[in-house]
Amino acid sequence: MDGFVIVETRLIASLLHILQEVTMTTVRFAPSPTGYLHVGGARTALFNWLYARNTGGKFILRIEDTDVKRSTQAATQAILDGLMWLGIDWDEGPYFQSERLPIYQEYAQKLIDEDNAYYCTCSVDELDEQKKQAISIGRAAGYDRRCRDKGAKQGVLRLKAPIGNTVFHDLFRDRFEFDNSLIGDFVLVRSDGMPTYNFTCAVDDALMGMTHVIRGDDHIPNTPKQLLILAALVFNPPRFGHLPLILGTDKSPLSKRHGAVSVMAYQEQGFLPEAMVNYLALLGWSTTDSQQLFSKEEMIKKFSLKRITKNPAVFDMEKLQWMNGVYIKQANPEKLANLCREFTSQKGKIGDIQLEEIIKLYQGRIKVLPEIYQLGDFFFSPEIHIPEKICQEVLSMSGVEEVREILTETKKVLSALEIFNPDTIEQAIRTMAERLGIKAADIIHPLRAVLTGKKVSPGIFEVAALLGQEMVVQRIEGGLCMVR
RNA sequence: GUCCCCAUUGACUAGGGGUUAGGUCACCACCCUUUCAAGGUGGCGGCGGGGGUUCAAAUCCCCCUGGGGACGCCA
């Protein structure tokens, strides 16, 4: 009996395994290497990746480089870099379509053999003319199929679109129905033998076992075309889902004029990949409770296609910055210090003095990493400049003589300290204030001005301690000259 | 010109026949406080318009308006 149970359990397990194999989610990100990974592409990649990880499926990276003129290796690398920076890893690939040409040839031949495709010899000018005419008589602008029955043996290869409608159900919206006659007999293979996007995409999605194709809105018109190819080739179609676009603040599609669109530009500006991913995930996806901050694990666990919205989202820099600030605040200072050093080397600044300690002081105050070099510039150079404005507003605030006395006394008190840390400094200052019968703030403000050259800084006791006793004394002396 | 998509505060969104229309960013105020942040508390502000259906519409249907996309030997 026991043996039977074991056998039965094993049987169920292996059946489940097979079932899982058959139904395993397979998705992909299929960019064309014609530029950097942009925010919209990154969001598309992220959603596919999240879905794959959520379902325990497979995420494939495929480079669609059939446009030889525009594709570059640098762009491919930039896309890979962008994905890696965001922490989006792939299980297969990258596949390059340019290396799969024989496969597409094979299927093109199949379409020809089965009378589902034909050669067209129309020139570009002729096609233009056809388009103009179609529009002038109020028809859909498209190829008029004049070469369908010519029996040409060369030219571009076109699909023979059947009469009827092509229907599909979108993952995020309703039913789509397209009239095949409006789709037209589109090009599958160029006259130079290079296959086109719609053809390679359809073939690869089928061959690579894609269960879901999640891509941008702009591909909606391509979907019926690919469905037609799939049908002609007798492949099972994947499920399609079209993500709404990401817009700029003026509601037009996000582009360079809205600021940075390249994902790597955000790295250069001092954003953390975790924040970027978190923000991107919220552009079109949400949970019922409107949770905002997610760890990667949490995001994977909670991700669901059902909760993707169909309306386009405006990319909001302010919220991204807020989120980045939150991630910086929570990050490990050592990790941040390493990131900051990259910025210093880029900008030619020196930042070796206890960078980690400085970061701790600024973690809760900055939105992007490089801000630390503006707000905390007085930490990074021995000399500081006290702007005239600060001199007037702070150093002569309660009377020049009084400030002079306060600073002189402060210098004396602080240089007498044997242990120089935030606590001892604070104690010394407060004691001094009490002794002189003034407010601690009356000491703190001038002290801040002479130590930092600013009216705003982290807690002055921490700042002073980090600067070190010698530097503090030196800066008070320097500041004293400015009190006049 | 033809086809198609979208519509909740300034932004991201929840809600999908009966809710004081909820959360987050931003903004404002107050608290905390050595300044600035952070944090805490509170506040401002919204269902694009018009018709239906219904006892009841942000929610369902239609029209309009607005925004966007596609119509390549680009992807």
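Reckoned from all heavy atoms, side chains included, excluding hydrogens, waters and symmetry mates. Just so it is clear: chains get the letters A, B, ... in the order the sequence lines come, proteins before strands, and each one is counted from 1.
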Do [X] side-chain and [N] base share a donor-acceptor contact under 3.5 Å?
{"X": "A/Ser191", "N": "B/C73", "value": "yes"}
{"X": "A/Asn222", "N": "B/A70", "value": "no"}
{"X": "A/Lys319", "N": "B/U24", "value": "yes"}

With both distances under 3.5 angstrom, what nucleotide forms a Watson-Crick or G-U wobble pair with [N]?
{"N": "B/C71", "result": "B/G1"}
{"N": "B/C32", "result": "none"}
{"N": "B/A7", "result": "B/U65"}

Determine the Euclidean distance between corresponding [atom1] atoms of [M] and [N]; express it in Å to zero decimal places.
{"N": "B/C32", "M": "B/U19", "atom1": "C1'", "result": "35 Å"}
{"N": "B/U9", "M": "B/A14", "atom1": "P", "result": "12 Å"}
{"N": "B/U34", "M": "B/A26", "atom1": "C1'", "result": "28 Å"}
{"N": "B/G40", "M": "B/A57", "atom1": "P", "result": "39 Å"}
{"N": "B/C30", "M": "B/U35", "atom1": "P", "result": "14 Å"}

Between [Y] and [X], is the closest basic N to carboxylate O distance under 4.0 Å?
{"X": "A/Arg62", "Y": "A/Glu64", "result": "yes"}
{"X": "A/Arg173", "Y": "A/Asp217", "result": "yes"}
{"X": "A/Asp170", "Y": "A/Arg239", "result": "no"}
{"X": "A/Glu298", "Y": "A/Lys301", "result": "no"}

[X] has a side chain; which of [options] sits nearest to it?
{"X": "A/Thr66", "options": "B/G23, B/C4, B/A75", "answer": "B/A75"}
{"X": "A/Asn311", "options": "B/A7, B/A38, B/C5", "answer": "B/A7"}
{"X": "A/Val314", "options": "B/U13, B/A11, B/A75", "answer": "B/A11"}

Completion exercise
Whichever of A/Val326 and A/Glu64 has the more 5' nearest nucleotide on RNA chain B, that residue is A/Val326
Completion exercise
Heavy-atom nearest nucleotide on RNA chain B taken for A/Leu320 and for A/Pro195; more 5' hit belongs to A/Leu320
